[in-house]
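First the structure, in the form of structure tokens, and then the observations on it.
Naming: A, B, ... by sequence-line order, numbering from 1 per chain.
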There are 2 protein chains.
Amino acid sequence: MIRRIPQARDRGIPDATVARLPLYLRALNGMAERGTATVSSEDLALAAGVNSAKLRKDLSHLGSYGTRGVGYDVQYLIYQISRELGLTQDWAVAIVGVGNLGRALANYGGFASRGFRIAGLLDADPHVVGDRIAGLVVEHADELESVISKRGVSIVVIATPATAAQRVCDRVIAAGVTSILNFAPVVLAVPDGVDVRKVDLSIELQILAFHEQRKANGGPIMAEEWPDGVVM
Amino acid sequence: MIRRIPQARDRGIPDATVARLPLYLRALNGMAERGTATVSSEDLALAAGVNSAKLRKDLSHLGSYGTRGVGYDVQYLIYQISRELGLTQDWAVAIVGVGNLGRALANYGGFASRGFRIAGLLDADPHVVGDRIAGLVVEHADELESVISKRGVSIVVIATPATAAQRVCDRVIAAGVTSILNFAPVVLAVPDGVDVRKVDLSIELQILAFHEQRKANGGPIMAEEWPDGVVM
DNA sequence: GTGCCTTTGTGAAGCAATGCACAAAGTCGA
DNA sequence: TCGACTTTGTGCATTGCTTCACAAAGGCAC
């Protein structure tokens, strides 16, 4: 029997919907700050950058939290989405690799405000170990397993160079972590039951370049051949 | 008449395929470095983390570049994918906002090696202007329009705080830029014909938290109610 | 109450992406 | 030259996502 990786659809919530919930949450938080009490699907959709039918269908997967003729109660919806995403609890996150990117992540305000607590910063470079960043002291990567178990870390962010990523990945999985956010430009091999999400900064630029090229050429490009002199 | 935004499908390449091409390219570059001459769809798919049928279908959108019974020539495929993505030309990129994230991006090696040349670093903070990062001197944000036009910048990366992002966005669009990579946690409003891709670091963590919560609960969670004391 | 107006929630249709399975095409050894 | 073997390229069925369009639900004015 193959054990399926738990997916969104375990309770019928499509992955595409889950990926948009944080967007709605952000829009709602903005509205809450501005004192808005209720919001229609039309307005919320506009603020989140999607169309209103999609928004309503997404929300309908969570339950029926709107009032016909009125809209959604902002505070209530914030609570329901937060709960669904698991943001009503506190998540301990460790960041491995404290280069520029690791520092940027450690200082990023968007984490703390959403229930993510940076519980450890680790790096293999002795020159970095001991630095104080965002109120934490950088620890040596040797401490990885002990930091994870002692501080209840359940999500690890890998911001190391590509060459170190798989080794770090193996170690954190051995230590019991099953959720990994990977910024290193490699495909991590993981066993079933472990979730990896990846962010590759250069992939996004490449996709933009593709579209930019299309625009510049004003249409289908000529079939340019393999340049002379290159031997297959 | 509504002018359609140029999409991948203008030449029949689905967006989902475009999004995977950079993945294949990275895997192929790794193989080329290791001296591999040809690769089967099976092996390449494994290295890229997709299944082989999908890989073959993706590549078939570019043309028929494989040899039956043998596989794909690594160098040739690298060239074809690079050309399709527009990486055989040089793209001048400007990064606006030189905080930790902007610095991380400026120092990220993955850009230069793929035809992306950082042509300018800009920031509004006088304390940062003049700093030397990755071989470039940070310029004042006032220079934005002149940097874009004088250096032929066609892609702009926004790594500013959320509050500044829309203003920067408007200015770069006015200056003729139509491709934007946005790291600020806001939905940018842009006219038709402008491509925006966004990367939100906290959204990825929220999606992980959702799945982690599901795993921890071992199944559908109880319908927890709106806590007492909170008034709708 | 009653009836009008607004806005949700959702079937159903349409569209895009995925995965299967195999014929066609090519290599290579004998 | 031939036949066995490998691997591509793709038609087709399936799945998943999006969008439409409207009935049902609720608020509000009178």
Side-chain angles (χ1 to χ4, degrees), chain A residues 2 4-21 23-24 27-28 31 36-74 76-77 80-81 84 207 232, chain B residues 2 4-21 23-24 27-28 31 36-74 76-77 80-81 84 207 232:
Chain A
I2 298 169
R4 212 158 54 67
I5 304 172
Q7 291 291 321
R9 71 185 75 77
D10 279 13
R11 203 231 213 140
I13 303 188
D15 287 352
T17 294
V18 173
R20 280 187 296 264
L21 291 180
L23 231 57
Y24 304 151
L28 285 164
M31 290 172 177
T36 312
T38 47
V39 64
S40 69
S41 63
E42 199 68 51
D43 291 350
L44 181 52
L46 190 72
V50 303
N51 76 42
S52 64
K54 196 188 285 185
L55 170 71
R56 286 200 302 277
K57 182 143 289 194
D58 282 345
L59 294 184
S60 79
H61 286 116
L62 311 192
S64 195
Y65 297 139
T67 307
R68 294 173 193 228
V70 176
Y72 301 89
D73 181 276
V74 172
Y76 186 57
L77 196 52
Q80 290 298 346
I81 295 179
E84 195 63 49
I207 296 171
M232 283 197 57
Chain B
I2 299 168
R4 212 160 53 68
I5 304 171
Q7 291 292 321
R9 72 185 72 79
D10 280 13
R11 203 233 213 136
I13 302 187
D15 287 351
T17 294
V18 173
R20 282 187 296 264
L21 291 180
L23 231 57
Y24 304 151
L28 285 164
M31 291 173 176
T36 312
T38 45
V39 65
S40 69
S41 63
E42 199 66 51
D43 291 350
L44 181 52
L46 192 73
V50 302
N51 76 41
S52 63
K54 196 189 283 183
L55 170 71
R56 286 200 300 278
K57 184 148 289 190
D58 282 345
L59 293 184
S60 79
H61 286 115
L62 312 191
S64 195
Y65 296 138
T67 308
R68 293 174 193 227
V70 176
Y72 300 89
D73 182 276
V74 173
Y76 186 57
L77 197 51
Q80 291 297 346
I81 294 179
E84 197 63 47
I207 296 171
M232 281 196 60

In whole Å, what is the span from the [atom1] atom of [X] to the [atom2] atom of [N]?
| X | N | atom1 | atom2 | value |
| --- | --- | --- | --- | --- |
| B/L55 | C/dT18 | CG | P | 12 Å |
| A/R56 | D/dA23 | CZ | P | 15 Å |
| B/R68 | C/dG26 | CZ | C1' | 8 Å |
| A/K54 | C/dC15 | NZ | C1' | 13 Å |
| A/L21 | D/dC17 | CG | P | 13 Å |
| A/L59 | D/dC17 | CG | P | 16 Å |
| A/E42 | D/dC20 | CD | P | 11 Å |
| A/Y65 | C/dT10 | OH | C1' | 17 Å |

Is the ring centre of A/Y72 less than 6.0 Å from the ring centre of A/Y65?
->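 No, the ring of A/Y72 stays outside the 6.0 Å limit from the ring of A/Y65, centre to centre.
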
Answer yes or no: is there a side-chain heavy-atom contact under 4.5 Å between B/L21 and B/L62?
-> yes

Is the shortest heavy-atom distance from the side chain of B/Y24 to the side chain of B/V50 under 4.5 Å?
-> yes

Residue-phosphate contact under 4.0 Å: [X] side-chain N/O, [N] OP1/OP2:
| X | N | value |
| --- | --- | --- |
| B/S41 | D/dT7 | no |
| A/N51 | D/dT18 | no |
| B/S64 | D/dG9 | yes |
| A/Y72 | D/dG26 | no |

Roughly how far, to the nearest 0.5 Å, is CG of A/L23 from CG of A/D58?
->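 Nearest 0.5 Å value for the CG-CG distance: 10.0 Å.
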
Nearest-neighbour nucleotide for the B/A16 side chain, C/dT18, C/dT8, D/dT18 considered | C/dT18

Do the side chain of A/T67 and the main chain of A/V70 share a donor and acceptor less than 3.5 angstrom apart?
-> no

Is there a donor on the side chain of B/K57 or the base of C/dG19 sitting less than 3.5 Å from an acceptor on the other?
->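 Donor-acceptor pair under 3.5 Å: yes.
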
